[in-house]
Amino acid sequence: MASEVAAETAAKPRGGRPCTICNAKRAALKRPKTLEQICKECFYEVFEDEIHRVIVDNHLFKPGERIAIGASGGKDSTVLAYVMSELNRKHDYGLDLFLLSVDEGITGYRDDSLETVKRNEIQYGLPLKVVSYKDLYGWTMDEIVKLIGLKNNCTFCGVFRRQALDRGAALLKVDKLVTGHNADDIAETVLLNILRGDIARLSRCTSITTGEDGPIPRCKPFKYTFEKEIVMYAYFKRLDYFSTECKYSLHDSSFPCILNCFNLGKAFDFFPFRHIIVAFLSDPCSL
């Protein structure tokens with residue numbers, strides 16, 4: 001009896017609270033999504049397993065498909081590339097994965113982030129294709145801003161970037177394009193479309209797969225993944241990513257109002273406003 005108690009005591013982590021999943025190691029973080037206090041190893045497992053379940057339950061891919069991963073060098077796309085590579089190997093999806101980046105021609109921003117993507121190419125062993133505004137359209141974003149000034153830059157760039165990704169995916173002859181849009185991104189888009197009264201976009205912005213009627217559908221494996229957990233995963237895994245904001249987004253006046261409204265919910269630690277939207281996207285009957 002004494003030996004069993006000793007063994008149980010030895011198994012419990014010393015200092016701090018034990019992981020609520022394995023109860024063997026000390027909790028390293030509190031999950032924003034579930035409020036569980038868990039260790040790093042269990043966090044990696046549940047984080048990856050949830051994304052795997054999303055992929056399987058929504059039938060996002062088929063064996064033998066060529067998949068382009070939209071890679072900007074930021075946290076979302078870097079974690080997406082890493083997790084997709086790991087899940088493809090671990091669960092034998094049978095996918096051919098590629099990194100696809102767009103060079104908008106923003107000096108001091110995109111040129112630095114592309115260096116990160118090039119390192120990811122080597123780190124994850126994924127072929128990289130870079131398409132540029134200069135090659136596709138004959139001008140860079142720097143040249144556009146110089147011509148039109150610091151106004152609505154994100155609107156112009158968003159349209160050009162989407163077309164550039166489509167053309168890059170076509171050059172790679174892929175079957176699908178995956179992006180790192182997470183639950184927070186989708187919740188922001190929902191709120192933005194509500195405030196704009198854009199019913200058409202509101203009806204399709206929550207879909208996990210879009211463009212199915214076109215040549216190259218787009219998928220969002222991170223649809224139900226919280227941004228904070230992506231940051232935590234990148235931090236604990238020590239992934240190599242670029243974290244500087246675009247210098248032109250700081251001057252764009254299109255989004256401060258929506259972001260301020262959205263961030264009001266972040267003052268409530270237990271049930272932020274964005275979680276309500278995410279919960280509704282997961283199960284409309286839950287509310």
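Nothing here was measured: the structure is a model prediction, and the numbers come from that model.
Of all the heavy atoms in C219 and T209, the pair that sits closest is SG-OG1, 3.8 Å. The two residues A170 and I216 make their nearest non-hydrogen contact at N-CD1, 3.6 Å.
Counting heavy atoms from C-beta on, the side chains of K25 and E41 come closer than 4.5 Å. Side chains of L147 and W139 form no contact here, defined as non-hydrogen atoms less than 4.5 Å apart. Side-chain atoms of E36 and K30, non-hydrogen and from C-beta on, never get closer than 4.5 Å to each other. Using a 4.5 Å cut-off on side-chain heavy atoms (C-beta onward), K62 and Y93 make no contact. At a threshold of 4.5 Å between non-hydrogen side-chain atoms, the residues F61 and D175 do not count as touching. Two residues are said to be in side-chain contact when any heavy atoms from C-beta on lie closer than 4.5 Å; S243 and K75 fail this criterion. At a threshold of 4.5 Å between non-hydrogen side-chain atoms, the residues L60 and I208 count as touching. Residues N88 and L97 meet the side-chain proximity criterion, which asks for heavy atoms closer than 4.5 Å.
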Y235 vs L29, side-chain contact (heavy atoms from CB on, under 4.5 Å): CA-CA, chis, key distance, verdict = CA-CA 12 Å; Y235 173 78; L29 67 142; over 6 Å; no
Worksheet item: Going through the distances and angles, do K176 and R66 end up as a side-chain contact (heavy atoms from CB on, under 4.5 Å)?
Response: CA-CA 7 Å; K176 293 185 179 76; R66 294 167 61 89; over 6 Å; no
* To do: Take V102 and L165 through the test side-chain contact (heavy atoms from CB on, under 4.5 Å) and record every step on the way to the result.
  => CA-CA 7 Å; V102 177; L165 282 171; 3.7 Å; yes
Under the salt bridge (charged side-chain N to carboxylate O under 4.0 Å, His left out) criterion, do R31 and E50 qualify, and how do the steps go?
-> CA-CA 13 Å; R31 284 196 73 188; E50 285 179 3; 3.1 Å; yes
May I have the step-by-step check of salt bridge (charged side-chain N to carboxylate O under 4.0 Å, His left out) for K118 and E115, ending in yes or no? CA-CA 5 Å; K118 291 175 183 177; E115 292 303 315; 3.6 Å; yes
I'd like to know whether T206 forms a side-chain contact (heavy atoms from CB on, under 4.5 Å) with I186, so could you lay out the CA-CA distance, the side-chain angles of the two residues, the decisive distance to 0.1 Å, and finally the verdict. CA-CA 6 Å; T206 60; I186 296 173; 4.2 Å; yes
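A cation-pi arrangement is present between K237 and Y44 under the rule of less than 6.0 angstrom and at most 45 degrees off the ring axis.
In this structure, Y233 and F47 have parallel ring planes: the angle between them is below the 30° cut-off, well short of the 60° mark.
The closest donor-acceptor contact from the side chain of S113 to the backbone of F242 lies at 3.5 Å or more, if one exists at all. With hydrogens and angles disregarded, a donor-acceptor distance shorter than 3.5 Å links the side chain of N58 to the backbone of V54. In terms of modelled atom types and a separation under 3.5 Å, the side chain of T20 and the main chain of Q37 share a donor-acceptor contact. For the pair K220 (side chain) and A183 (backbone), a donor-acceptor distance under 3.5 Å is absent. The backbone N or O of A81 lies less than 3.5 Å from no partner atom in the side chain of S85, so there is not a single donor-acceptor pair. In this structure, D76 contributes its side chain and S72 its backbone to no donor-acceptor pair below 3.5 Å.
Atom CZ in F236 sits 7.5 Å away from atom CZ in F43 (nearest 0.5 Å). Residue C154 holds its SG atom at 7.5 Å from CE of M141, rounded to the nearest 0.5 Å. Put simply, OG1 on T179 and CG on L80 are 7.5 Å apart, with the number rounded to the nearest 0.5 Å. Distance check, rounded to the nearest 0.5 Å: OG of S77 to CG of L99 gives 8.5 Å.
At a threshold of 4.0 Å, the pair R110-D103 does not count as salt-bridged, since none of the basic side-chain nitrogens sits closer than that to a carboxylate oxygen. Using a 4.0 Å cut-off between a side-chain N of Lys or Arg and a carboxylate O of Asp or Glu, E229 and K33 do not qualify as a salt bridge. Under 4.0 Å is where a charged nitrogen must lie from a carboxylate oxygen, and between E143 and K146 no such pair does.
Within 6.0 Å of the CD atom in E45, the count of heavy atoms belonging to other residues, nucleotides or ligands does not exceed 12. For CZ of F160, the number of neighbouring non-hydrogen atoms (other residues, nucleotides, ligands) closer than 6.0 Å is greater than 12.
D142 and Y109 share no donor-acceptor pair across their side chains, judged by distance under 3.5 Å alone. T225 and N182 share no donor-acceptor pair across their side chains, judged by distance under 3.5 Å alone. Neither side chain, Q163 nor D166, offers a donor N or O lying under 3.5 Å from an acceptor on the other.
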Under 3.5 Å, which donor-acceptor pairs do the side chains of residues 124-132 form with other protein atoms, sequence neighbours left out?
residue, atom, partner, partner atom, Å
S132, OG, D135, N, 3.1
S132, OG, D135, OD2, 3.1

